[in-house]
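Every number for a ligand or one of its atoms is a count from 1 in the order of the listing.
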Amino acid sequence: MRLIYNKFELEQIISRIKEENKSIGFVPTMGAIHKGHLALASRAKTENDVCICSIFVNPTQFNNSEDLKKYPRTLKSDIELFTQIGVDFIFVPSESEMYPESKIEQINLDGLDKVMEGKFRPGHFNGVSVIVKKFFLLIKPDKAYFGEKDFQQLTIIKYLVKKLNIPVEIIPCATIREADGLAMSSRNQRLNAEERIQAPIIYKTLKEAKELTKNESIDNIKNIVKEKINSHSLLKLEYFEIVESDTLVPALKINEEKHYTACIAVFAGKIRLIDNIKIL
Ligand code: AMP
């Protein structure tokens with residue numbers, strides 16, 4: 001494993017890999033590495049000649065400065081974990097390295113960024129898109145790996161590379177969960193013991209909502225989900241939506257010929273958790 005701190009060094013390494021006609025698999029992360037990230041990196045390693053991961057807590061995607069400040073930073077153990085599974089390069093740039101500009105680019109995501117996460121975290125997906133675009137242009141990966149855990153992000157990244165003609169294949173990877181169903185997340189480490197006990201209700205409720213789509217209207221399901229989540233003392237529903245999987249348009253009813261995903265955001269105490277489940 002080799003650590004890379006700056007763009008110049010990275011560009012030289014990428015040129016060499018390209019000259020040798022080797023394929024590059026890339027996994028962008030914000031660190032606090034867990035088994036979800038490692039599943040992406042293992043797959044990138046298996047499916048490519050060279051596996052590159054980045055660790056960068058991207059400030060432009062945080063719309064809440066407290067959240068940015070408290071985001072877990074565990075670089076030493078992150079490096080160890082990536083090294084153990086055989087990651088070839090880890091890119092750990094500084095903020096000034098990634099953002100030399102004074103004004104951040106605005107990328108038109110044609111409304112995909114206006115629903116769900118985008119509605120509650122304005123500017124979040126612009127920040128995500130800007131940094132992922134920068135990484136793609138620098139690293140020129142053949143394949144890039146993203147978790148289905150962040151379903152709206154995955155949809156937006158697929159759209160971004162199509163819109164900007166960036167020649168990279170986006171590989172969706174299944175959500176890795178704890179034994180009790182809670183989706184693994186760097187934020188889980190910030191849950192206290194009581195919040196951690198209640199947090200698995202989120203996925204349990206998503207599974208129940210999926211069952212309900214067979215008989216209930218979407219409006220009824222939304223009410224049931226809200227009641228169920230909020231009946232737990234430390235949980236508070238922020239949103240629950242059933243959307244068409246490609247367009248993220250909220251569904252009014254289920255059409256058997258289309259694909260849908262149910263997405264949820266819940267506060268467990270002060271910690272905001274998201275999850276989703278495929279409906280069709
Ligand atoms: P993050 O460090 O949270 O920005 O996540 C980096 C990548 O790991 C993103 O593509 C996430 O969707 C993915 N990821 C995070 N948690 C999980 C999980 N539990 N299962 C699968 N992928 C995940």
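With hydrogens left out, the protein atom closest to atom 1 (P) of ligand 1 is His37 NE2, 3.6 Å, a heavy atom. When hydrogens are left out, the protein atom nearest atom 10 (O) of ligand 1 is Gly147 N, 2.9 Å; that is the closest non-hydrogen contact. Here the protein heavy atom with the shortest distance to atom 20 (N) of ligand 1 is Ile176 N, 2.8 Å.
In summary, the atoms of ligand 1 found under 4.0 Å from a heavy atom of Phe146, numbered by their order in the structure, are 10 (O). Interface of Leu40 with ligand 1, defined as ligand atoms under 4.0 Å from a residue heavy atom, comprises 7 (C), 8 (O), 10 (O), 13 (C), 22 (N). Close contacts of ligand 1 with Asp150, meaning ligand atoms under 4.0 Å from a residue heavy atom, involve 11 (C), 12 (O). For ligand 1, the atoms closer than 4.0 angstrom to any heavy atom of Thr29 are 2 (O), 6 (C). The His34 neighbourhood of ligand 1 comprises atoms 15 (C), 16 (N), 17 (C), with distances under 4.0 Å to a heavy atom of that residue.
Remark: aromatic rings of Tyr145 and Phe26 are distant, center separation not under 6.0 Å. With ring centers used as reference points, Tyr71 lies under 6.0 Å from Phe62.
In this structure, Pro28 has a heavy atom closer than 4.0 Å to ligand 1. Proximity of Lys35 to ligand 1 is not established, as no heavy-atom distance is less than 4.0 Å.
Remark: the backbone N or O of Val128 is not paired with any side-chain donor or acceptor of Gln153 at under 3.5 angstrom. Within the 3.5 Å criterion, the main-chain N or O of Cys51 finds a donor-acceptor partner in the side chain of Asp88.
Using a 4.5 Å cut-off between side-chain heavy atoms of Ile, Leu, Val, Met, Phe, Trp and Tyr, Ile55 falls into a hydrophobic cluster with Met1, Leu3, Tyr5, Ile33, Leu38, Leu75, Ile79, Leu81, Phe82, Ile85, Val87, Ile90, Val92.
With distances taken over non-hydrogen atoms, the option nearest atom 19 (N) of ligand 1 out of Glu178, Met184, Arg187 is Met184. The residue among Lys149, Glu148, Gln153 with a heavy atom at the shortest distance from atom 23 (C) of ligand 1 is Lys149.
Atom NZ of Lys204 has 12 or fewer heavy atoms from other residues, nucleotides or ligands within 6.0 Å.
Results of the side chain to side chain contact (heavy atoms under 4.5 Å, CB included) test with Phe89 over Leu10, Ile14, Ile139, Ile13 single out Ile13 as the only residue that passes. Tested against Ile274, the residues Ile264, Val266, Asp150, Ile202 include a single side chain to side chain contact (heavy atoms under 4.5 Å, CB included) partner, Asp150.
Contacts of Arg177 with ligand 1, taken as heavy-atom pairs under 4.0 Å, are absent altogether. Contacts with ligand 1 closer than 4.0 Å are made by backbone heavy atoms (N, CA, C, O) of Ala174 only, the side chain lying farther away.
Checking only distances, Ala183 never comes within under 3.5 Å of ligand 1, N or O to N or O. Of the polar atoms of Met30, at least one N or O is found under 3.5 Å from an N or O of ligand 1, judged by distance alone. Residue Cys173 has no N or O atom closer than 3.5 Å to an N or O atom of ligand 1.
With rounding to the nearest 0.5 angstrom, the CD1 atom of Ile156 is 6.0 Å from the OG atom of Ser129.
Residues Glu216 and Lys222 are not paired through a salt bridge, judged by the lack of any N-O separation under 4.0 Å between the basic side chain and the carboxylate.
Of all the heavy atoms in Pro172 and Ile170, the pair that sits closest is CD-O, 3.5 Å.
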